[in-house]
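Letters A, B, ... are given to chains in the order of the sequence lines, protein chains preceding strands, and every chain is numbered from 1.
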Number of protein chains: 2
Amino acid sequence: MTSEPTQNSRTIEELDERKAAILEAIVTQYIGSAQPVGSSQVAASPSVSVSSATIRSEMVALERDGYLVQPHTSAGRIPTDKGYRFFVDHLATPGQLGPQQRQQVSSFFTDVQGGLEDVLERTSSLLSDLTSYAAVVVGPSHEEAGIRSVQVVGLTAHRALVVVVLSDGGVENLPIELGDDVGDETLALASVHLQRSLLGSTLAALATVPVSGERSVDTICLTVVSALSSAVNAPDHEAVYVGGPSRLAGSFDAIETVQGVLTILEQQLVVVSLLRDVMERGLSVAIGSEHGYEPLASCAVVVAPVQVDGRHAGAVGLLGPTRMDYPSAMAAADAVGRQLSERIEADRGALERTRGDGSNHG
Amino acid sequence: MTSEPTQNSRTIEELDERKAAILEAIVTQYIGSAQPVGSSQVAASPSVSVSSATIRSEMVALERDGYLVQPHTSAGRIPTDKGYRFFVDHLATPGQLGPQQRQQVSSFFTDVQGGLEDVLERTSSLLSDLTSYAAVVVGPSHEEAGIRSVQVVGLTAHRALVVVVLSDGGVENLPIELGDDVGDETLALASVHLQRSLLGSTLAALATVPVSGERSVDTICLTVVSALSSAVNAPDHEAVYVGGPSRLAGSFDAIETVQGVLTILEQQLVVVSLLRDVMERGLSVAIGSEHGYEPLASCAVVVAPVQVDGRHAGAVGLLGPTRMDYPSAMAAADAVGRQLSERIEADRGALERTRGDGSNHG
DNA sequence: TCTCAGCACTCAAGTCTACCGAGTGCCAAC
DNA sequence: GTTGGCACTCGGTAGACTTGAGTGCTGAGA
């Protein structure tokens, strides 16, 4: 009834219209109540207009085909991962943010201040607040951003800090060991030399630093370049911001599940690859065991890309139970990902228009 | 039997020797088993050599005085916050790290690399791994650290990033809005001017920046200084690193408790003030409701200071159930806090010896 | 052939009972 | 003051019973 003819023609490939309507009613009600849904509850749904007996026989077929399970005889049905998948792919209406949510997002992005890291951190909180699920934000890998500034600042006689400012507003800082006792003047010279050589190149493709003539300066430059490239290639280089992990405690009733999921979230590397895996498979939702991480078998992940100039520049994600509210979650992730993309893109775009690649700087 | 005479003379002020021994046995066993402890179990303890009947009558007194409670008749006793407090103050033996733990700590601090933020982050994981409790690390407030470098890097025509490197290895970066379209040359001039003026002063007491003569430079300097001071005075300025929050899930059986504690940990400001409150009262342990945070009523907090040159420079803490293993937790927090202090102190000490306050730089 | 009301059946969850056992408080004896 | 003995309390477990939600099946009607 509620489905348009065009949608029917798509869904009919796998399930006939009535089965799809029944599945939709079950998923929707189960998401809302967390209780197994019985045939009479489905019959009460306005989108289904057959008797509960007919629904029961359809449910038997849906269970046989793997869309539903019964926790036990004399209980209602629960969707399987496959059931959720069909719901997400064919049945869920696109989902819109409510007006006050939209307001919340837009005022967030107009008000938020601070460096890129701060913005990403707060974005994860925003996304979690919007949806009541745990949120994950993976920032743009700085490899693609242009280098705006390089500076070597002495900390002790043998240690210095390399500070690199990138065109996307990110800041990388990493300490280096200096072989000899190096004076501030030499460090300043090295900073200037590095700045001149590396400005405008990216961390991923560092320009070669020409020989300066001064031996101690060249030593420092070599150290800096190798430190930078190894830091960029380190596996845990990409920063992950987790928002609202406490929401997980409300999403599951088994405390072991909560602990398992929290443990996963502590491993930044795993989170990054999870999101990347999902996106590389062209999905925006991974349900239950669709991603290969067993501790997350009772979780669903909703991902939205962050894109800058059409290129992948990170992701925002939501982590909740498989019975999560997919339409809302997808809408929220989508909106936030889009706005975050715009925010980063606007900065970079303005940069490239007004400052070029920075090669006229020195 | 196991208590030395000197300890007895201290404990006798509140509880006689036998009561203290009984309380100690109950606390120790309850920490281990999480089950109410009965009189016969206490009688089995080697440090108590009276019959269970005698122990029972002592337990009645201990309960009357508020050291113990009984969950219900016909159950054993559980320590109250007051009971834990007496245990911590008078009974707990100082506690030593095991040899492999000590090894773990020292190899961590010799191996750890990265900027200050990275070190603090990883320290929180270390502390959590050592103890199986959630750990908290509050870094040195950068207010006291000397400024090693100030730089203004243009991002777009109207936005720039101020990057300040501090003598303790910390890096502050915050974006500023530029009123007019400012060229890179002006920003470079402003950087030099700021650097010359602010080097060696602290974020808390920013030196005044003299007028440079160039109007646009002065405008930028004013913006930078006001942005810096407002950022430093912002309430959420101090960074908190939480390690092993998933351990909380194993520490409590009620999922609501876990959620409440996790929610607290998400509020950096609350965590900072909690640790500060505890330390300002001269405590290293706050048990149950001793700190005023209701959601943490079933938690105990163990704190150890991070001190640089005898001054407070942050804290490390552990958060666990009130029935946590206080001796181990205190030993771990103490050791890690001490080593972290040394680490930061060594850097700064070397700095002050070899580079002075930096005023000869420019 | 599809639909559906009716019906017998299943089974989780709640209630009631009985029982066990850990642990207590009390008391009389030492 | 200490202790063994003893009656008592009460949470937890197990079993019997009831309830009710929900099912699968079947036969009649469209």
**Report entry** Span of DNA chain D in contact with chain B (heavy atoms, under 4.0 Å)
**Finding:** D/dT2 to D/dG11
Query raised in the report: Is a salt bridge present between B/Lys82 and B/Asp89, judged by a nitrogen-to-oxygen distance below 4.0 Å?
Result: no
Query raised in the report: How does protein reach along nucleotides 19-25 of chain C, written 5' to 3' as B (base within reach of a heavy atom under 4.0 Å), S (only sugar-phosphate), or - (no contact)?
Result: ---BSBB
Report summary line: Taking every heavy atom of B/Gly260 against every heavy atom of B/Pro295, the minimum-distance pair comes out as O-CB, 4.5 Å
Query raised in the report: Just how far, in rounded Å, is P of C/dA5 from CD1 of A/Ile55?
Result: 11 Å
**Report entry** Neighbour count above 12 (heavy atom, 6.0 Å) for A/Gln100 CD
**Finding:** yes
Query raised in the report: Given atom CD of A/Glu58 and atom C1' of C/dT1, what is their separation to the nearest angstrom?
Result: 14 Å
**Report entry** Flag, side chain of A/Tyr67 to backbone of A/Asp81, donor-acceptor distance under 3.5 Å
**Finding:** no
Query - Test side-chain hydrogen bond (donor to acceptor under 3.5 Å, both in side chains) applied to A/Ser246 and B/Gln259, step by step - result: CA-CA 5 Å; A/Ser246 65; B/Gln259 179 158 25; 5.1 Å; no
Report summary line: Note: for B/His72 and B/Ala53 on DNA chain D, the residue whose nearest nucleotide lies more 5' is B/Ala53
Query raised in the report: Nearest 0.5 Å, what's the CD-CZ distance between B/Glu58 and B/Arg18?
Result: 4.0 Å
Requested in this report: Identify the heavy atoms of A/Tyr84 and A/Arg323 that sit nearest to each other, and give their distance.
Outcome: OH-CB, 3.2 Å
Requested in this report: Identify the two heavy atoms, one from B/Met330 and one from B/Ser284, that lie closest to each other, and give their separation to 0.1 Å.
Outcome: CE-OG, 3.6 Å
